[in-house]
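Structure, as structure tokens:
Scope of the values below: all heavy atoms of this structure, side chains included, with no hydrogens, waters or symmetry mates.
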Amino acid sequence: MAKPTDSELEILQVLWEHGSMTVRELNDKLNDQRRVGYTTSLKMMQIMTEKGLLTRDTSLRSHIYAPALQPEDVQSNILNHVLKTVFMGNRSRMVLQVMGNQSVSREELAELKALIKKIEAH
């Protein structure tokens, strides 16, 4: 699976949140955050389709684009890359770094404790 660039991730996140859309619709959503030209969005989405990150429905006059990947697949791919390249495969060091840099809510702590118990049970 191709690792999306930051700009590609931004497009994927819009599509995951709002569903399939045309280039114009996506470009309008991107412009809510920062100025992006229509042709830039079009070219990015064409490249992403070639890379297998998006699908394109050409049955209508305006092509409809959709993510070809689920968020979990991309997240897992990126985390595995970071784990291998930044933390040299040390999962606990990566988790401790993430947890130590921010405050953790009670709900997040409960989720982590439940995950640890599940892992210990296996």
Side-chain angles (χ1 to χ4, degrees):
M1 166 185 2
K3 187 170 133 320
T5 65
D6 289 347
S7 296
E8 291 169 343
L9 268 175
E10 184 179 21
I11 289 170
L12 284 169
Q13 288 169 341
V14 169
L15 291 170
W16 287 328
E17 183 177 347
H18 300 284
S20 303
M21 57 182 62
T22 65
V23 175
R24 172 64 57 208
E25 292 167 331
L26 182 113
N27 187 252
D28 290 346
K29 293 284 185 198
L30 292 176
N31 277 298
D32 289 344
Q33 304 298 318
R34 63 181 177 87
R35 185 78 187 120
V36 181
Y38 175 85
T39 54
T40 300
S41 295
L42 173 62
K43 188 63 178 170
M44 287 293 304
M45 293 171 82
Q46 289 171 336
I47 291 169
M48 291 174 72
T49 301
E50 290 171 13
K51 289 172 74 173
L53 298 173
L54 297 180
T55 61
R56 177 176 48 215
D57 178 355
T58 59
S59 64
L60 302 170
R61 184 169 184 259
S62 293
H63 296 180
I64 305 294
Y65 289 82
L69 308 167
Q70 296 299 314
E72 298 80 18
D73 297 330
V74 175
Q75 292 163 353
S76 178
N77 187 22
I78 291 171
L79 278 177
N80 285 334
H81 176 74
V82 169
L83 176 63
K84 289 176 188 172
T85 60
V86 177
F87 293 96
M88 296 172 282
N90 189 322
R91 286 182 177 93
S92 60
R93 189 178 307 146
M94 183 171 81
V95 170
L96 290 171
Q97 180 69 29
V98 169
M99 299 308 294
N101 284 339
Q102 326 175 351
S103 61
V104 180
S105 71
R106 289 185 182 276
E107 293 81 17
E108 289 172 321
L109 266 177
E111 286 182 54
L112 288 169
K113 287 176 184 178
L115 178 60
I116 290 169
K117 284 182 184 179
K118 182 179 173 183
I119 291 169
E120 288 176 338
H122 284 85

Practice prompt. Considering non-hydrogen atoms only, spot the tightest contact between Leu26 and Val14 and give its length.
Written response: CD1-CG1, 3.8 Å
Practice prompt. Report whether Val98 and Leu96 are members of the same hydrophobic cluster (ILVMFWY, side-chain heavy atoms less than 4.5 Å apart, transitive linking).
Written response: no
Worksheet item: Which atom pair, heavy atoms only, marks the closest approach of Asn27 to Gly37?
Response: ND2-O, 3.2 Å
Worksheet item: Which heavy atom in Ala68 sits nearest to a heavy atom in Gly52, and how many Å separate them?
Response: CB-O, 3.2 Å
Worksheet item: Shared ILVMFWY cluster between Val36 and Met21, side chains joined below 4.5 angstrom?
Response: yes
Worksheet entry | Donor-acceptor under 3.5 Å (Ser76 side chain, Glu72 main chain) | no
Worksheet item: Side-chain contact, heavy-atom cut-off 4.5 Å: Ser7 with Met44?
Response: yes
Item to complete: Locate the shortest heavy-atom distance separating Leu9 from Val74; write the atom from each residue and the value.
Response: CD2-CG1, 3.7 Å
Practice prompt. Decide yes or no for His63 and Val23: does some side-chain heavy atom of the first lie under 4.5 Å from some side-chain heavy atom of the second?
Written response: no
Practice prompt. State the CD-CG distance between Gln13 and Leu30, to the nearest 0.5 angstrom.
Written response: 10.5 Å
Worksheet entry | Side chain to side chain, Lys51 and Glu8, heavy atoms closer than 4.5 Å | yes
Discussion item. For Thr22 versus Ser62, what's the shortest heavy-atom pair and its separation?
Written reply: CG2-CB, 3.8 Å
Discussion item. Test of understanding: clusters of I, L, V, M, F, W, Y form through side-chain heavy atoms closer than 4.5 Å, transitively. Do Ile47 and Met45 belong to the same one?
Written reply: no
Worksheet, complete the sentence: Interatomic distance, CD@Glu10 vs OG@Ser41, rounded to 0.5 Å, equals 8.5 Å
Practice prompt. Give the minimum heavy-atom separation between Leu12 and Met48, together with the two atoms involved.
Written response: CG-CE, 3.7 Å
Worksheet item: What's the spacing between Gln75 CD and Leu69 CG if we round to 0.5 Å?
Response: 11.5 Å
Fill in: Asp57 versus Thr55, side-chain donor and acceptor atoms under 3.5 Å
no
Discussion item. Could you measure the distance from the CD1 atom of Ile11 to the CG atom of Asp6? Nearest 0.5 Å is fine.
Written reply: 11.5 Å
Response to the item:
Contacts of Asn80 meeting side chain to side chain donor-acceptor pair (under 3.5 Å) (sequence neighbours excluded), chain-then-number -> none
Discussion item. Are Trp16 and Tyr65 linked, directly or through intermediate hydrophobic residues, by side-chain heavy-atom contacts shorter than 4.5 Å (ILVMFWY only)?
Written reply: yes
Discussion item. To the closest 0.5 Å, what do you measure between CZ (Arg106) and NZ (Lys113)?
Written reply: 9.0 Å
Discussion item. Salt bridge or not between Glu17 and Lys29? Use side-chain N to carboxylate O under 4.0 Å.
Written reply: no
Worksheet item: To the nearest 0.5 Å, what is the distance between CE (Met99) and CG (Leu112)?
Response: 4.5 Å
Fill in: Shared hydrophobic cluster for Val104 and Leu79 (ILVMFWY, side-chain gaps under 4.5 Å)
no
